[in-house]
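Worksheet: the structure to be examined is printed underneath.
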Amino acid sequence: MEREKLLAYIKPRMPQKRYDHTLGVAETAIELANLYGEDAEKAEIAAILHDLAKYEDEEEMRVIIRENGFDKRLIPWGAEILHGPIAAYRAKNELGIQDEDILNAMHYHTTGRVGMSHLEKIIYVADMTEPNRNFPGVERLREIARTDLHAGMRACISHNISFLVSAEIPIYPLSIECYNDIIGVEK
Ligand code: DGI
Ligand code: FE
Ligand code: FE
């Protein structure tokens, strides 16, 4: 599907700042895809659509979660966690996107999960390191991401888990499972 059509779909759904963030994620995701020999077109589609549901009504999102066989663990969580799964749902049902890897990259872009594909890691890392991000430590994450995709994912999920703990924010189970999967759990 063409870039312009996807951009026209997301533009009215978000403020300008989020739109600029989205263009940054697309640029970074394409760059990482080319760097690691992944499909840059798929990366661009997933990136453009990843935050399309960010400003939707939380209760409406919850109705969709309840009625469409999503993981029940999502129900008590807010828009910060729900917007990924809902973005994937809309991309599939309203835009006809069928590629499971693109849909998964959108679905899991906030939390990560166990056994992430290369495309899923690219979107997760691009979301955190796109040019408009300016939190302390982002430059280090950018450097690692351009050296080794898995190491970039490891640095990004570790950074997020550390941030969530330091701010005493509850951590969604998939985020912890992802962290353990990437770091490696002793058997
Ligand atoms: O949508 P973005 O702002 O581009 O980024 P995002 O989808 O990665 O994250 C959205 C927010 O969700 C961000 O403030 C961090 C937060 N977040 C990420 N993982 C978790 C989380 N919040 C909670 N409560 N638990 C998590 O595991
Ligand atoms: Fe997001
Ligand atoms: Fe984002």
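From a predicted model like this one, the values you see are computed outputs, not experimental measurements. Atoms within a ligand are numbered from 1 in the order they appear, just like the ligands themselves.
Only side-chain heavy atoms of K54 come within less than 4.0 Å of ligand 1; its backbone N, CA, C and O stay farther off. With a 4.0 Å cut-off on non-hydrogen atoms, L174 does not touch ligand 1 at all. Of the heavy atoms in R133, only side-chain atoms (C-beta onward) come closer than 4.0 Å to ligand 1. Contact annotation for T111 and ligand 1: no heavy atom of the residue comes within less than 4.0 Å of the ligand. At a heavy-atom cutoff of 4.0 Å, ligand 1 is contacted by the side chain of I81 but not by its backbone. Only side-chain heavy atoms of I169 come within less than 4.0 Å of ligand 1; its backbone N, CA, C and O stay farther off.
Ion pairing between a basic and an acidic side chain is recognised when a charged N comes within 4.0 Å of a carboxylate O; E59 and R62 show such pairing. Ion pairing of R13 with D51 is absent here, as no side-chain N (NZ or NE/NH1/NH2) approaches a carboxylate O to less than 4.0 Å.
Separating the CD1 atom in I48 from the NZ atom in K11 is a distance of 13.0 Å, to the nearest 0.5 Å. The CD1 atom of I122 sits 8.5 Å away from atom OH of Y36, with the distance rounded to the nearest 0.5 Å. L6 contributes atom CG, which lies 8.0 Å from atom CD of E44 (distance to the nearest 0.5 angstrom).
In this structure, atom 13 (C) of ligand 1 has its sub-4.0 angstrom surroundings free of protein heavy atoms. Per-atom contact check: atom 21 (C) of ligand 1 touches the protein, criterion being a heavy-atom distance below 4.0 Å.
Within ligand 1, counting atoms from 1 as listed, the ones closer than 4.0 Å to a heavy atom of H109 are 7 (O). Close contacts between ligand 1 and D127 involve ligand atoms 4 (O), 5 (O), 6 (P), 7 (O), 8 (O) [criterion: under 4.0 Å to a heavy atom]. Which parts of ligand 1 touch H21 is read off a 4.0 Å heavy-atom cut-off, strictly below it: atoms 4 (O). When each atom of ligand 1 is checked for a heavy atom of Y172 under 4.0 Å away, the hits are 25 (N), 26 (C), 27 (O). Of all the atoms in ligand 1, the ones that sit under 4.0 Å from a non-hydrogen atom of W77 are 24 (N), 25 (N). Within the listing of ligand 1, atoms 25 (N), 27 (O) sit less than 4.0 angstrom from a heavy atom of I171. Within ligand 1, counting atoms from 1 as listed, the ones closer than 4.0 Å to a heavy atom of S175 are 19 (N), 26 (C), 27 (O).
The distance criterion of under 3.5 Å between nitrogen or oxygen atoms is not met by H50 with respect to ligand 1.
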* Asked: After noting the C-alpha distance and the side-chain angles of H83 and H109, does the key distance pass the side-chain contact (heavy atoms from CB on, under 4.5 Å) rule?
  -> CA-CA 9 Å; H83 75 280; H109 84 263; 3.0 Å; yes
* To do: Dump the intermediate steps for salt bridge (Lys or Arg N to Asp or Glu O under 4.0 Å) on D181 and R113, then the final yes or no.
  => CA-CA 8 Å; D181 184 50; R113 65 163 173 164; over 6 Å; no
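At least one side-chain heavy atom of L7 sits less than 4.5 Å from a side-chain heavy atom of Y19.
Protein heavy atom nearest atom 17 (N) of ligand 1, with residue, atom name and distance: T110 CG2, 4.0 Å. Given atom 11 (C) of ligand 1, the protein heavy atom at minimum distance is E80 OE1, 3.4 Å. Closest to atom 2 (P) of ligand 1 among all protein heavy atoms lies R18 NH1, 3.3 Å. For atom 23 (C) of ligand 1, the nearest non-hydrogen atom of the protein is P170 O, 3.2 Å.
Hydrophobic cluster membership is shared by L149 and I183, with clusters built from Ile, Leu, Val, Met, Phe, Trp and Tyr side chains linked at under 4.5 angstrom. Hydrophobic clustering (side-chain heavy atoms under 4.5 Å, transitive across Ile, Leu, Val, Met, Phe, Trp, Tyr) keeps I86 apart from M106.
When atom types are taken as modelled, the side chain of S158 and the backbone of A155 share no donor-acceptor pair closer than 3.5 angstrom.
Nearby protein atoms of type N, O or S around the Fe ion (ligand 2) amount to 3 (distance under 2.8 Å).
Checking H21 against E130 by side-chain atom types alone, a donor-acceptor pair falls below 3.5 Å. Side chains of R18 and Y55: a donor on one and an acceptor on the other come within 3.5 Å.
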